[in-house]
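Each ligand, and each atom within it, is numbered from 1 in the order the structure gives.
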Amino acid sequence: MNNLFSKSLFISVCVISLCGCITHNETVYRNPERMKVEFENETAARIFYETLSKTTVPSARRESNTSIEIPVVFEHHSHVIDGENVAFNSAVKQCDTNQDGKITQLEARIFSELRQKRAH
Ligand SMILES: [Ca+2]
């Protein structure tokens, strides 16, 4: 009887000491290379960059946190921070509607109107 009690006590101590043993925290900074893009003319470039700077969310608000927890056994926390190039690349993708790698004045205008509509 006493032996059974000490056995179960031993197992309990083992389980408790394992608690939170596997904890994984990571911070990922995502800042891929800027996409190569051409502009039809200076006006197209100006409209694009002005819209981008006016409507880009500050990097602090582009952070995301992910937590995966299996109680007692496993914990995983992931913190992702998007760099400026993520915003630039998604703006280029959105702006270059026919995806030919060149932003025309018309595409820049449409992009500007869409972004500003969304901001209000
Ligand atoms: Ca285009």
_Side-chain (Asn85) to main-chain (Asn31) donor-acceptor, under 3.5 angstrom_ =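 Judged by distance alone, no pair lies under 3.5 Å.
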_Can you check the angle at the Ca ion (ligand 1) formed by OD1 of Asp96 and OD1 of Asp100? Round it to the nearest 10°._
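About 80° at the Ca ion (ligand 1).
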*asked:* Suppose you place the vertex at the Ca ion (ligand 1); what is the angle out to Glu107 OE1 and Asn98 OD1, to 10°?
replied: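 Vertex the Ca ion (ligand 1), arms to OE1 of Glu107 and OD1 of Asn98: 130°.
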*Examine the side chains of His77 and Glu75 and answer whether a donor and an acceptor come within less than 3.5 Å of each other.*
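Short answer, yes.
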*asked:* With rounding to the nearest 0.5 angstrom, report the NE2 to CD1 distance, His79 to Ile81.
replied: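 So the NE2 of His79 and the CD1 of Ile81 are separated by 4.0 Å.
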*Separation of Glu63 CD from Arg30 CZ (nearest 0.5 Å)*: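 One finds 11.5 Å between CZ of Arg30 and CD of Glu63.
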*For the Ca ion (ligand 1), does an N/O/S atom of Lys102 lie at less than 3.0 Å?*
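Looking at Lys102, which is the residue asked about, there is an N, O or S atom under 3.0 Å from the Ca ion (ligand 1).
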